[in-house]
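What follows is a set of notes on a single structure, which appears directly below.
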Amino acid sequence: MNISILDDYLDTLRTLACFDKLAGHDVQIWNDHVQDVDALAERLKHTEALVLIRERTEIRAPLLERLKKLRLISQRSVFPHIDVDACTRLGVIVSSSQHAGTPSYAAAELTWALILAAMRKIPQQVAALKAGKWQIGIGNSVREKTLGIYGYGRIGAVVAGYGRAFGMNVVVWARDASLARARADGYPAAASKQEFFEKCDVISLHMRLVDATRGIVTADDLARMKPEALIVDTSRAGLIEPGALVSALQAGRPGMAAVDVYEHEPVLDTRDPLLLMDNVVCTPHIGYVTREEYEIQFAEIFDQISAYAAGTPINVVNPQVLQQ
């Protein structure tokens, strides 16, 4: 099969052990990011199977209609960037493992790293030391602080465990089913969303971005946070009302933020407001970008290609296409 892989920024995939699963196929890997439909249509005109790295490239009807040879899109996790209806109409199978019960420990670890980095002002201290300055301020401990987990899913549950291990008081706010799981794990629920934002010292967002959660964190929510509080977003920027985070930080509530996700990615403009704020720790969407996590994810993605090639597609998002 002719296979194309988009957005492998660091040309990592060919170095993975699981890449051997594609032996015998004609594989083209693209290391840059392109969203232009004409450019993508030219690149992918011979592609039969398309591998996506998370949500880095949107695959919509105008592009799909020009990819006459495309028969399979293989990826992992959620797929808001794919026009599944158009895929079904055009006879393109979308295979995407939802990895039930398997959290991204890499994303949870990065979340915790950002919490500690922001609370102890580690990036600022490192930059100052390299500039010849010795200690530029005082940080804050996390022990006995209140950690709020907004959305108690697979990753949120792991981060809650890290908070407990560090001696934090963990509280949860989420939909009813998730709150029930949190209580079963020994974590109390906040009395209300308002109390959650008012009382927490650190709030970490852990929800999928769907219509119901888009903009679920409002400017009013952020304005209720303590002036010394920290908000962390390693999930999706769209969970926060557009523009609200920058405005809230400028107003002083919350006092800090740590983010790994942005409204428009990749962020290449060094004048982005979040990058210019001393009270924000920014990383370039690296929550899942570890070698170990890649091995897990792409073993599944490549297995989906092998299953399709064998005539038995798996993890099919649009099973209607199999009846065509």
Side-chain angles (χ1 to χ4, degrees), residues 9 33 54-56 77-78 80-81 104 106-127 139-140 142 145 147-151 153 155-156 158-160 162-163 173 196-197 200-209 213-219 221-290 293:
Y9 299 149
H33 172 73
R54 305 294 291 225
E55 299 154 47
R56 291 178 178 177
S77 198
V78 294
H81 53 300
S104 171
E109 290 171 1
L110 181 76
T111 300
W112 197 251
L114 289 177
I115 289 172
L116 295 180
M119 294 292 280
R120 297 300 298 271
K121 305 185 189 306
I122 292 173
Q124 298 92 325
Q125 295 283 6
V126 170
N140 293 283
V142 297
K145 297 282 196 315
L147 169 64
I149 302 295
Y150 196 171
I155 297 175
V158 175
V159 175
Y162 295 163
W173 187 248
F196 179 79
F197 278 90
C200 291
D201 300 296
V202 179
I203 290 177
S204 190
L205 308 182
H206 296 288
M207 290 168 281
R208 288 182 173 179
L209 182 60
T213 60
R214 187 175 295 278
I216 198 169
V217 178
T218 67
D221 293 329
L222 296 174
R224 291 190 176 99
M225 294 182 71
K226 301 175 184 179
E228 67 275 14
L230 164 69
I231 188 163
V232 182
D233 189 0
T234 57
S235 295
R236 293 295 181 269
L239 296 173
I240 302 176
E241 182 183 332
L245 181 57
V246 170
S247 296
L249 291 165
Q250 290 171 339
R253 286 178 181 265
M256 298 178 287
V259 298
D260 187 48
V261 289
Y262 306 87
E263 293 178 6
H264 302 286
E265 298 183 6
V267 177
L268 302 176
D269 185 355
T270 58
R271 298 167 298 175
D272 185 285
L274 290 173
L275 301 183
L276 298 176
M277 292 182 172
D278 289 336
N279 56 341
V280 182
V281 177
C282 297
T283 50
H285 205 156
I286 56 171
Y288 62 93
V289 183
T290 70
E293 184 76 7

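These values consider heavy atoms only, across backbone and side chains, with no hydrogens, waters or symmetry-generated copies.
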For I231 and L222, the nearest pair of non-hydrogen atoms, with its separation, is CD1-CD2, 3.6 Å
With a 3.5 Å cut-off and sequence neighbours excluded, list the donor-acceptor pairs that the side chains of residues 120-127 form with protein atoms.
unit_1: Q124; atom_1: NE2; unit_2: D278; atom_2: O; d: 2.6
unit_1: Q125; atom_1: OE1; unit_2: I136; atom_2: N; d: 3.2
unit_1: Q125; atom_1: NE2; unit_2: G137; atom_2: O; d: 3.1

Indicate yes or no: at least one non-hydrogen side-chain atom of I203 is less than 4.5 angstrom from one of L230. no
Any chance you could lay out the side-chain contact (heavy atoms from CB on, under 4.5 Å) test for L205 and V232, step after step, and finish with the verdict? CA-CA 6 Å; L205 308 182; V232 182; over 6 Å; no
Looking only at side chains, do T234 and T111 share a donor and an acceptor under 3.5 Å apart? yes
Heavy atoms, side chains only, cut-off 4.5 Å: are R236 and E55 in contact? yes
M119 vs V202 side-chain heavy atoms within contact, under 4.5 Å: yes
Ring-plane angle category for F197 and Y150, please: parallel below 30°, perpendicular beyond 60°, tilted otherwise. perpendicular
Drop me the distance from E293's CD to E109's CD, to the nearest 0.5 angstrom. 9.0 Å
E265 side chain to Y262 main-chain N or O, any donor-acceptor pair under 3.5 Å? yes
Is the closest side-chain heavy-atom distance between D272 and L276 below 4.5 Å? no
If you round to the nearest 0.5 Å, how far is CG of L274 from CD of E263? 8.0 Å
Could you tell me whether the side chain of H206 reaches within less than 4.5 Å of the side chain of I149, counting heavy atoms only? yes
Test the R56-Y9 pair against the cation-pi criterion, namely NZ or CZ under 6.0 angstrom from the six-membered ring centroid and within 45° of the ring axis. yes
Please tell me if the side chains of Y288 and S77 come closer than 4.5 Å, counting only heavy atoms from C-beta onward. no
Going from CG on L147 to OH on Y162, what distance comes out if it is rounded to the nearest 0.5 angstrom? 12.5 Å
Look only at the side chain of T213 and the backbone of I216, and say whether a donor-acceptor pair between them is shorter than 3.5 Å. no
Solution key, residues 239-261 side-chain donor-acceptor pairs under 3.5 Å, sequence neighbours excluded:
unit_1: E241; atom_1: OE1; unit_2: A219; atom_2: N; d: 3.1
unit_1: S247; atom_1: OG; unit_2: G243; atom_2: O; d: 3.2
unit_1: R253; atom_1: NH1; unit_2: M225; atom_2: O; d: 2.9
unit_1: D260; atom_1: OD1; unit_2: T283; atom_2: OG1; d: 2.7
unit_1: D260; atom_1: OD1; unit_2: H285; atom_2: N; d: 2.8
unit_1: D260; atom_1: OD1; unit_2: I286; atom_2: N; d: 2.8
unit_1: D260; atom_1: OD2; unit_2: I286; atom_2: N; d: 3.0
unit_1: D260; atom_1: OD2; unit_2: G287; atom_2: N; d: 2.9

Looking only at heavy atoms, the pair that brings V280 and C282 closest together is CG1-SG, 3.5 Å
Are K226 and D201 close enough that some pair of their side-chain heavy atoms sits under 4.5 Å apart? yes
List the residues meeting salt bridge (charged side-chain N to carboxylate O under 4.0 Å, His left out) with R224, not counting sequence neighbours, and say none if there are none. D221
Might you point out which heavy atoms bring V158 and A108 nearest each other, and give the distance in Å? CG1-CB, 3.6 Å
